[in-house]
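Here the structure comes first, spelled out in structure tokens, and everything after it is commentary.
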2 protein chains.
Amino acid sequence: MPATLDFEQMLRGVALRVTRPRVAVLGAVLAHPHADTDSIIGAVRRGLPEVSHQAVYDSLQALTAAGLVRRIQPAGSVARYESRVGDNHHHMVCRECGLIADVDCAVGDAPCLTASDGNGFSVDEAEVVFWGRCPGCSTAGSSRST
Amino acid sequence: MPATLDFEQMLRGVALRVTRPRVAVLGAVLAHPHADTDSIIGAVRRGLPEVSHQAVYDSLQALTAAGLVRRIQPAGSVARYESRVGDNHHHMVCRECGLIADVDCAVGDAPCLTASDGNGFSVDEAEVVFWGRCPGCSTAGSSRST
DNA sequence: GCTTATTCTTGACTCATTCCAGAAAGCCGA
DNA sequence: TCGGCTTTCTGGAATGAGTCAAGAATAAGC
């Protein structure tokens, strides 16, 4: 796992100022993939109790804009952040417990990116979300069909 | 375009009570694909000025649960509703103006549904969102690269 | 060490969505 | 057609994630 110095270099690498809140936020996202903003604020405050939620929001936005983290937001969920960027992976979301898991692109490389025509849209990203039930909920729920 | 009587039959077909708000909401979703809740409230009130926003929310939820309409919510957007259900189509979202367009499944039938393995998830739906720029914004934006 | 531009803190605010309780209306059987 | 029951609608308030704004603090460059 990267140390604080690595976070600094990551920030400098994308021309972002190195501040304690940003380092902490970056570390929190790395440590807690798919965490929502509130969890990130909590994780950041474990190391920096004084950080305001606004600073976390702003840091997340800066990191997202810089491409160091990626923001995902399945329907009906709050914003979540993950550190896997650059690769073309997708997500599975459990309808019951909200668990999010990474999946590498389903049919090989990136077939979903080839939007056939797309009404003239210039597509730069294809986001795939698989909805279903996680192993835990799938087992637990198979008995109770209320 | 379906008439009010058809809406009634659609509601009865899914064992939902036929109420004027629901008929109006169903008609509004049919008439305005990808409309957000506020637009639907406005459209409904054109015919039924007295309808409360709560009734619209509740009707939309009932219609969604019954499968008559489908709720979509791209990241950073409010909830939107559409009437194309049952077919496996996806959406393109313009990053600039928020325009949403339907696209039939990219690579043919439904390749994205075959989530390779998926960590043991039992997948029941694959939602694909193509992010990019619509023809209008793509043309307009190519000149101004602020 | 100093200057400047950027970032953080504090606090209030927006607004989509939900919750609640009472009133109204639709559906079913007679 | 009518009564009873269940569900839905109305009206208002509340929730909560996210945003906005202004001044104070801080990091980067010289």
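The chains referred to below are lettered A, B, ... by the order of the sequence lines, with proteins before strands, and numbering in each begins at 1. Any value given below was found using the heavy atoms of this structure, including those in side chains, with hydrogens, waters and symmetry copies removed.
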Could you pull out the closest heavy-atom pair between [X] and [Y], with the gap in Å?
X        : Y        : answer
A/Phe121 : B/Ala101 : CE1-CB, 3.9 Å
A/Glu96  : A/Cys137 : CB-SG, 3.7 Å
A/Cys134 : A/Leu99  : CB-CD2, 3.8 Å
B/Ser83  : B/Leu30  : CB-CD2, 3.7 Å

- Evaluate salt bridge (charged side-chain N to carboxylate O under 4.0 Å, His left out) for A/Arg133 paired with B/Asp124, printing each intermediate quantity in order. CA-CA 8 Å; A/Arg133 293 201 296 179; B/Asp124 58 55; over 6 Å; no

- Ordered by number, residues from residues 37-59 of chain A within less than 4.0 Å of DNA chain D (heavy atoms) are A/Thr37, A/His53, A/Gln54, A/Tyr57

- Strand contacts (DNA chain C) in residues 60-81 of chain A, 4.0 angstrom heavy-atom criterion: none

- Message: Let's see if you get this right: which residues in residues 12-21 of chain B place a heavy atom under 4.0 Å from DNA chain C?
- Response: B/Arg12, B/Arg17, B/Val18

- Single-linkage hydrophobic cluster A/Leu48~A/Ile41, side-chain heavy atoms < 4.5 angstrom: yes

- Message: Is there a path of hydrophobic side-chain contacts, each under 4.5 Å between heavy atoms of I/L/V/M/F/W/Y residues, joining B/Ile40 to B/Val78?
- Response: no

Side-chain donor-acceptor contacts of residues 50-68 of chain A below 3.5 Å, not counting sequence neighbours, with atom names and distances?
residue : atom : partner : partner atom : Å
A/Ser52 : OG   : A/Ala55 : N            : 3.2
A/Ser59 : OG   : A/Ala55 : O            : 2.7
A/Thr64 : OG1  : A/Leu60 : O            : 2.6

- Which residue pairs satisfy the side chain to side chain donor-acceptor pair (under 3.5 Å) criterion with at least one member in residues 26-40 of chain B, sequence neighbours excluded? B/His34-B/Glu82, B/His34-B/Asp102, B/Asp36-B/Ser39

- Below 4.5 Å, heavy atoms only, C-beta onward: do A/Phe130 and A/His91 meet side chain to side chain? no

- Would a 4.5 Å heavy-atom cut-off, applied to side chains only, mark B/Glu127 and A/Glu127 as touching? no

- Task: Check every nucleotide of DNA chain D for an atom under 4.0 Å from a heavy-atom of chain A, then give the first and the last such nucleotide from 5' to 3'.
- Result: D/dA17 to D/dA28

I'd like a table of donor-acceptor pairs (distance under 3.5 Å, sequence neighbours excluded) in which one partner is a side-chain atom from residues 16-26 of chain A, with atom names and distances.
residue : atom : partner : partner atom : Å
A/Thr19 : OG1  : A/Arg22 : N            : 3.4
A/Arg22 : NH1  : A/Arg17 : O            : 3.3

- Note on the structure: ring-ring contact (aromatic ring centres under 6.0 Å, His included) pairs touching residues 63-85 of chain B, sequence neighbours excluded, are none

- Message: Checking one residue: A/Val129. Which other hydrophobic residues are in its cluster under the side-chain 4.5 Å linking rule?
- Response: A/Ile72, A/Val93, A/Ile100, A/Trp131

- Query: Is the side chain of B/Gln73 donor-acceptor paired with the backbone N or O of A/Gly76 at a distance under 3.5 Å, no angle test?
  - Reply: yes

- Query: Per the end-axis method with five pairs at each terminus, what is the bend angle of the helix from C/dG1-D/dC30 to C/dA30-D/dT1, to 10°?
  - Reply: 50°

- Boundaries of the chain B footprint along DNA chain C (any atom under 4.0 Å from a heavy atom): C/dA16 to C/dC27

